[in-house]
Amino acid sequence: MIGVGSGEKQGDRAAERAVMVETQLVSRGLRDVRVLEAMRTICREVFVPAPYLEDAYADRALAVGYGQTISQPYIVAYMTEWLGVESHHHVLEVGTGTGYQTAVLARLARTVVTVERIAELSETARARVMEVDVANVTFLTGDGGLGAKEFGPFDRIMVTAAAPRTPRALLEQLTDDGRMVLPVGEEGDQRLVLVERRGDRFDETNLLRVRFVPLLGEAGFAE
Ligand code: SAH
């Protein structure tokens with residue numbers, strides 16, 4: 001019998017999640033126990049459209065409609081581990097998409113604000129996040145490249161769409177010792193970047209080559 005805990009349902013795909021965590025995350029060096037626990041308990045199948053259900057725990061990104069994707073589990077966990085989210089943190093996510101990454105962040109943080117430009121995606125994500133018993137999220141619709149100034153500053157910012165360069169508004173909305181993880185670059189040639197703010201200084205570290213959908217809007221690519 002499968003344990004019933006927060007975000008877990010009897011008869012859900014806990015066994016598949018456990019295998020995913022071992023074979024896709026731990027085996028590739030991910031170690032943060034809180035991140036691994038979130039990945040082990042959040043039902044990814046809730047966030048995947050019906051035609052792709054069988055692939056919910058596959059080792060790749062999936063198309064989810066509106067030309068958008070749900071990121072590969074490894075990338076979700078990797079970005080989350082590098083972000084270093086602590087339980088007292090106030091977090092901004094840009095690009096809600098399905099809401100899966102949102103739910104993972106919300107498990108680790110005190111509060112999450114997430115911005116999505118497509119209202120229908122935001123609405124669907126809100127319902128799914130509630131379904132996995134996550135309640136500490138504010139859903140906004142709009143151009144997330146501009147951040148969410150009235151809700152900031154943020155201890156941590158994660159961007160899940162690729163910008164041509166680091167959006168200035170997001171840097172400004174980080175706390176003094178804040179961190180941000182985001183993909184930067186052109187279509188098909190992007191790197192994941194970690195930004196660490198130390199007062200007025202912003203240190204950047206390149207992490208990994210990645211491929212994300214483009215960030216559109218004022219700080220992104222033309223719509
Ligand atoms: N983290 C998501 C994947 C998001 S895909 C998940 O786990 O499912 C990237 C998302 O960014 C898409 O939903 C896209 O509509 C959104 N997006 C692109 N440009 C944006 C912008 N300027 N502001 C807010 N969202 C944006």
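Order of listing sets the numbers, starting from 1, for every ligand and every atom in it.
With distances taken over non-hydrogen atoms, the option nearest atom 2 (C) of ligand 1 out of T96, T141, L216 is T96. Of the listed options G220, G95, P214, G217, P214 places a heavy atom closest to atom 18 (C) of ligand 1.
The protein heavy-atom contact nearest to atom 7 (O) of ligand 1 is Q101 N, 3.5 Å. Among protein heavy atoms, atom 12 (C) of ligand 1 sits closest to Q68 OE1, 3.1 Å. Here the heavy atom of the protein found nearest to atom 1 (N) of ligand 1 is T160 OG1, 3.3 Å. Of the protein's heavy atoms, G144 N, 2.8 Å lies nearest to atom 23 (N) of ligand 1. Protein heavy atom nearest atom 15 (O) of ligand 1, with residue, atom name and distance: E116 OE2, 2.6 Å. In this structure, atom 6 (C) of ligand 1 lies nearest to the protein heavy atom T98 OG1, 3.5 Å.
In this structure, E45 CD and I42 CD1 are separated by 11.5 Å, a value rounded to the nearest 0.5 Å. Considering CG of L194 and CG of L208, their distance stands at 12.5 Å, rounded to 0.5 Å. Annotation: the span from L25 atom CG to R31 atom CZ amounts to 10.5 Å, rounded to 0.5 Å. Note: H90 NE2 to T111 OG1 = 5.0 Å, rounded to the nearest 0.5 Å.
Under 4.0 Å from ligand 1, the heavy atoms of I118 that appear belong solely to its side chain. The parts of R117 lying near ligand 1 are both backbone and side chain, judged by heavy-atom distances below 4.0 Å.
Look at D189 and R209 and you find a salt bridge, because one of the NZ, NE, NH1 or NH2 atoms lies within 4.0 Å of a carboxylate O, short of that distance. Ion pair R34/E86 not flagged as a salt bridge, since none of the NZ, NE, NH1 or NH2 atoms sits closer than 4.0 Å to an Asp/Glu carboxylate oxygen. Salt bridge annotation for E123-R126: present, with a cationic side-chain nitrogen under 4.0 angstrom from a carboxylate oxygen. Using a 4.0 Å cut-off between a side-chain N of Lys or Arg and a carboxylate O of Asp or Glu, D155 and R197 do not qualify as a salt bridge.
Contact between Q190 and P183 at its shortest, heavy atoms only, is OE1-CB, 4.3 Å.
Ligand-side atoms of ligand 1 in range of V213: 5 (S), 9 (C), range being under 4.0 angstrom from any heavy atom. Near L121, the atoms of ligand 1 lying under 4.0 angstrom from a non-hydrogen atom of the residue are 13 (O). Residue T69 approaches ligand 1 through these ligand atoms, each under 4.0 Å from one of its heavy atoms: 3 (C), 4 (C), 5 (S), 8 (O). Of all atoms in ligand 1, listed by their number and element, those nearer than 4.0 Å to a heavy atom of G142 are 23 (N), 24 (C).
Contact between E93 and ligand 1 is present, with at least one heavy atom of the residue lying under 4.0 Å from the ligand.
T114 and E93 are linked by a side-chain donor-acceptor pair at a separation below 3.5 angstrom, with hydrogens and angles left out of the test.
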